[in-house]
Amino acid sequence: MGNMATEIVAFLLTVSGWILVSSTLPTDYWKVSSVDGTVITTATFWSNLWKTCVTDSTGVSNCKDFPSMLALDAYIQVCRGLMIAAVCLGFFGAVLALVGMKCTKIGGSETTKARLTVLSGFHFILCGFCCLTACSIYAHRITTDFFDPLFVAQKFELGAALFIGWAGSVLCILGGLIFCLSLSEGFSIRAAYSYSGATSFVTTRNKHGKPTNNLHKEAREPPRQFGRNAYV
């Protein structure tokens, strides 16, 4: 019962983390910068993995999609690939978790369900690391440009999407580790049960085999020899 409750907690953590990771991909504010002038001319610049936009003080936004994937900076292409991989890994991890958990009636035998559970845990761990790497690479580029005194272009700050991605990554990694630890606990209990069963089997076998050994000993005793003067 405790193992089942642990799997449910891990499933809630991983699914919540995967939802946060999936919502990070289309979020607008990966990096934000604002230009302050008079009250009327204040503008906010923001950008994500797909487009860059500017919003004026009246709330009107003008966006421009990135023209070509091959003309993009290398870090944006890497972040795109990692985020898409994270979303796909989390989806397959959720499906495997639903099939492999003990509270579900599908998946086959207990051994098969245990293997599916640990496989889903590895999927969620990889999902968390992919999203964590993508957000960290993007944040590193922003901070490097911001603190570079020779960088003369417009400087940006960290957007809300990066913090959402980091939170989702931590939840996915934590839930995946719980999945793997719950499986190891089940294996340890199963191994202890099999060891005690083997011990009782050997003890029973020795008890039943003891009279047989005595018969063999009696059969191996040499026959008695009588002398010539022995009385009948």
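Computed from a predicted structure; not experimentally measured.
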>> Distance check, rounded to the nearest 0.5 Å: C131 atom SG versus L126 atom CG?
In response: 13.0 Å
>> With a 4.5 Å cut-off on side-chain heavy atoms, are F91 and H123 touching?
In response: no
> For S23, what residues pass the side chain to side chain donor-acceptor pair (under 3.5 Å) criterion, not counting sequence neighbours?
Replying inline: none
> Looking just at side-chain N and O atoms, do T112 and S109 make a donor-acceptor pair shorter than 3.5 Å?
Replying inline: yes
> To the nearest 0.5 Å, how far apart are CE in M83 and OG1 in T133?
Replying inline: 11.0 Å
Distance-only donor-acceptor pairs under 3.5 Å for side chains of residues 152-176, two or more places apart:
| from | atom 1 | to | atom 2 | distance (Å) |
| --- | --- | --- | --- | --- |
| Q154 | NE2 | S33 | OG | 3.1 |
| K155 | NZ | F146 | O | 3.1 |
| K155 | NZ | D148 | O | 3.4 |
| S169 | OG | G128 | O | 3.3 |
| S169 | OG | L132 | N | 3.2 |
| S169 | OG | G165 | O | 2.8 |

> Are any non-hydrogen side-chain atoms of F179 and V118 less than 4.5 angstrom apart?
Replying inline: no
> Can you tell me how far the OH atom of Y75 sits from the CZ atom of R141, to the nearest 0.5 Å?
Replying inline: 5.0 Å
>> Quiz question: by atom type and distance under 3.5 Å, do the side chains of K102 and T117 form a donor-acceptor pair?
In response: no
> Does F92 CZ have over 12 foreign heavy atoms under 6.0 Å away?
Replying inline: no
> Taking atom OG of S120 and atom CG of L98, what is their separation to the nearest 0.5 Å?
Replying inline: 9.0 Å
>> I'd like to know whether V54 forms a side-chain contact (heavy atoms from CB on, under 4.5 Å) with W46, so could you lay out the CA-CA distance, the side-chain angles of the two residues, the decisive distance to 0.1 Å, and finally the verdict.
In response: CA-CA 6 Å; V54 57; W46 49 273; over 6 Å; no
> Which value, rounded to the nearest 0.5 Å, describes the distance between F45 atom CZ and T55 atom OG1?
Replying inline: 9.5 Å
